[in-house]
Amino acid sequence: MGVYFNPSNMGFAMKKNDLIYVDKSMLIDRMNTIINTGSRYVCFSRPRRFGKSTDAKMLSAFYSKGCDSSLLFKDLKISQTYNYKKNLNKYNVIYIDMQYFYNMSVSVTDMIDLINEELIDEINENYHISLRRNKLSLLLNAIYAKTDEQFIFIIDEWDCVLRDSKNTKEDKDSFLVLMNELLKEKEYVALAYMTGILPIKKYGDESAINMFDEISMLDPMTYENYMGFTEDEVKELCYQYDMNFDVIKDWYDGYQFKNGISIYSPRSIVKAMTTKNLGNYWSKTASFENLKKYISSNYDGLKDAIHRLLIGDKIPVDTSTFTNDMASVTCKDDVLTLLIHLGYLAYDSELNSTYIPNKEVSDSFVSVVKEVKWPETMKLIQNSDRLLEATWSLDEEVVAQSLEEIHNSYVTSPLKYNNEDALSTTILMAYYTAQDYYTILRELPSGKGFCDIGFIPLDPTNPAMIVELKWNKSVDHAINQINSRDYFKAFEHYKDNLLLIGISYESDSRKKDYKHHTCRIQKYK
């Protein structure tokens, strides 16, 4: 067994011995179906802490001739499949942790030399034939020609060179040349499995290594179940660790793919289960600094987009302009697309839109916004605190005044404000800090229809709230609608502490600057 060539299974064994291990071994079955086919190149792009390295170590432990992994896999799902014994520890595996080599080198050129030297020396030690080559690809070609033996490549953090902004275009090009020489159209490649954060770098309409199927947060293809923990897996963990699944879902769910599949960050779930503490585990990762960096960028429309994301809106995003390179971010859509790949935003492929997936990530955004000190955003948060206190105190005048301030300060397109849906967006922005106290639901089914916004308290000492919005109609009309349509039916458990809130916005096309909010607040009787 070696370090890079036919490594041991110890890396995966330690992962499997963790207090929490979720069986993802059926990924191996998927890989077994594409060995020695035209689809044998797969690149998994996922955020940090989503299980990339664990899966890479698992595949290495399964295929590597350098170990016996029968005991390690005998109780996993893969052991029940048809090709299990046929492929178990039957391949020469070359395992490259690209981040390790990058950290050990002073330059990209030095890294390429180090990869060639280390792997050539180790592979030569395992073959009793005289093959002297100074490039790894040449050595593997020669071995294959003499022995017919193929190799499975498992490359973790493959894109670390491309993610580092200090590297020049020449540095990145030389690295991609290495990847091309090593993998592209080589008969000695039985399977190439790569992990990274970004999809493969684009060069015009083509990629330097365009033979890979790319599985990403934008398009997981048919690998949704392997992008993180599934909802069923999280439910099972909640049962084992006596945790409330609904609360866990509110904190950590939100990455939705086609076919109704929803995934969770493995690190966040493991931490929540083992510590019994619901918290923000993203702010303790290196990608948190990237979030701060890109939110601070002064791209047109980005601040307004962040404000809308913070209140739970989905906003359109054009992901096609992003070149899969952190150094080439040039516009708002590039920033949003990058944040999708980093896991700070989720993607709705049907609507081509993006959104903040859950409370954990929302907390990270708030932390960053506070650090970058956007004056208008800080004022928004302060006004939101004042608005919530006024609402609880039934101070209708302060509520109406606060809403007008939000309208004047943060609604960037007044012409689009004259409808109840746009008014709803402004209300959610105004009540931004209420997310710390409530689950906030738009168009909540209740009684004989849908109330515009429902506030379900996280702490039962706070009042539940039903908000009905009207444009150019009276607040009394809004309150009457709440009562006549029995909107409080969805709030049966909160009737002893329930507020009915009508909010009206009046405008006059003949008076450009005329815009007036009124509010009516009643306790449910």
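If you're wondering where the values come from, they're calculated on a predicted model, not measured in any experiment.
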- Task: Could you walk me through whether Leu498 and Lys523 pass the side-chain contact (heavy atoms from CB on, under 4.5 Å) test, one step at a time?
- Result: CA-CA 6 Å; Leu498 176 61; Lys523 287 186 175 182; over 6 Å; no

- Query: Which is it for Tyr102 and Glu157 under the side-chain contact (heavy atoms from CB on, under 4.5 Å) test, yes or no, and what are the steps along the way?
  - Reply: CA-CA 10 Å; Tyr102 187 55; Glu157 299 283 359; over 6 Å; no

- Ser216 and Met227: side-chain contact (heavy atoms from CB on, under 4.5 Å), yes or no, with the steps? CA-CA 8 Å; Ser216 73; Met227 301 300 284; 5.6 Å; no

- Full working for side-chain contact (heavy atoms from CB on, under 4.5 Å) between Thr391 and Arg386: CA-CA 9 Å; Thr391 306; Arg386 182 168 70 106; over 6 Å; no

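Salt bridge Arg485/Glu468: absent, no basic N to carboxylate O contact under 4.0 Å. One finds no salt bridge joining Asp97 and Lys57 here, because no Lys/Arg side-chain nitrogen approaches an Asp/Glu carboxylate oxygen to under 4.0 Å.
Aromatic ring orientation, Tyr255 versus Phe50: perpendicular (interplanar angle above 60°, classes split at 30° and 60°). Ring planes of Phe73 and Phe62: perpendicular class, angle over 60° (limits at 30 and 60°). Between Phe365 and Tyr344, the angle of the ring planes goes over 60°, which puts this pair in the perpendicular group of the 30/60° scheme. Between Tyr223 and Phe44, the ring planes lie perpendicular to each other; the angle is over 60°, past the 30° to 60° tilted range.
Enclosure of atom NZ in Lys271 is not indicated, since only 12 or fewer non-hydrogen atoms of other residues, nucleotides or ligands lie within 6.0 angstrom. Other residues, nucleotides and ligands contribute over 12 non-hydrogen atoms within 6.0 Å of the NZ atom of Lys495. Taking a 6.0 Å sphere around CD of Glu350, one finds it holds 12 or fewer heavy atoms contributed by other residues, nucleotides or ligands. For Asp496, the CG atom counts as loosely surrounded, since its 6.0 Å shell holds 12 or fewer non-hydrogen atoms of other residues, nucleotides or ligands.
Counting only distance, with no hydrogens or angles, the side chain of Lys15 and the backbone of Ala13 share no donor-acceptor pair below 3.5 Å. No donor-acceptor pair under 3.5 Å is formed between the side chain of Tyr193 and the backbone N or O of Ile152. Checked by atom type and distance alone, the side chain of Asn89 pairs as donor or acceptor with a backbone atom of Ser64 at under 3.5 Å. Checked by atom type and distance alone, the side chain of Asp159 pairs as donor or acceptor with a backbone atom of Leu198 at under 3.5 Å. The backbone N or O of Val361 sits less than 3.5 Å from a side-chain atom of Asn358, completing a donor-acceptor pair. When atom types are taken as modelled, the side chain of Arg40 and the backbone of Val189 share a donor-acceptor pair closer than 3.5 angstrom. Listed for the Ser393 side chain is a donor-acceptor partner under 3.5 Å among the backbone atoms of Glu389. In this structure, the side chain of Thr37 engages the main chain of Ile34 through a donor-acceptor pair within 3.5 Å.
Nearest heavy atoms, Tyr355 versus Gly254: OH-O, 2.8 Å. Minimum interatomic distance between Pro220 and Phe257 (heavy atoms only, all atoms of both residues): CG-CD2, 3.6 Å. Taking each heavy atom of Met273 and Leu237 in turn, the nearest pair found is SD-O, 3.8 Å. When all heavy atoms are compared, the tightest approach of Ala61 to Cys67 is O-SG, 3.8 Å.
For residues 308-320, the salt bridge (charged side-chain N to carboxylate O under 4.0 Å, His left out) pairs, not counting sequence neighbours, are Arg308-Asp313, Asp313-Arg442, Lys314-Asp348.
Take Val247 and apply the side chain to side chain contact (heavy atoms under 4.5 Å, CB included) test, not counting sequence neighbours, and it matches Asn244, Trp251, Leu278. In this view, Val270 and Ile20, Phe229, Thr274 satisfy the side chain to side chain contact (heavy atoms under 4.5 Å, CB included) rule, not counting sequence neighbours. For Met26, the side chain to side chain contact (heavy atoms under 4.5 Å, CB included) partners are Asp29, Lys77, Thr81, Tyr226, not counting sequence neighbours. Residues meeting the ring-ring contact (aromatic ring centres under 6.0 Å, His included) test with Phe212, sequence neighbours left out: Tyr41. The side chain to side chain contact (heavy atoms under 4.5 Å, CB included) search around Lys249 returns Glu231, Phe245, Asp253, Tyr264, not counting sequence neighbours.
Evaluated for a ring-ring contact (aromatic ring centres under 6.0 Å, His included) with Tyr4, the options Phe151, Tyr95, Phe101, Phe153 yield exactly one hit, Phe101. Considering Phe491, Tyr494, Tyr437, Tyr431 as possible partners of Phe455, the one that fulfils the ring-ring contact (aromatic ring centres under 6.0 Å, His included) test is Tyr431.
Donor-acceptor pairing under 3.5 Å is recorded for the side chains of Asn280 and Ser364. Under the 3.5 Å distance criterion, with hydrogens and angles disregarded, no donor-acceptor pair is assigned to the side chains of Asp334 and Tyr294. In summary, the side chains of Thr230 and Asp232 do not present any donor paired with an acceptor at a separation below 3.5 Å, with no hydrogens or angles considered. Under the 3.5 Å distance criterion, with hydrogens and angles disregarded, a donor-acceptor pair is assigned to the side chains of Asn6 and Asn92.
Atoms NZ and CE, from Lys258 and Met221 in turn, are 11.0 Å apart once rounded to the nearest 0.5 Å. A distance of 8.0 Å separates CG of Asn497 from OG1 of Thr461, quoted to the nearest 0.5 Å. Expressed to the nearest 0.5 Å, how far CG of Leu500 lies from CG of Asn483 amounts to 6.0 Å. Here Cys43 contributes atom SG and Ile200 contributes atom CD1; the two are 4.5 Å apart, rounded to the nearest 0.5 Å. Here CG of Leu342 is found 9.0 Å from CG of Leu345. Values are rounded to the nearest 0.5 Å.
When side chains are defined from C-beta on, Arg49 does not count as touching Pro266, because their heavy atoms never get closer than 4.5 Å. Looking at heavy atoms from C-beta onward, Ile261 lies out of side-chain contact with Gln256 at the 4.5 angstrom threshold.
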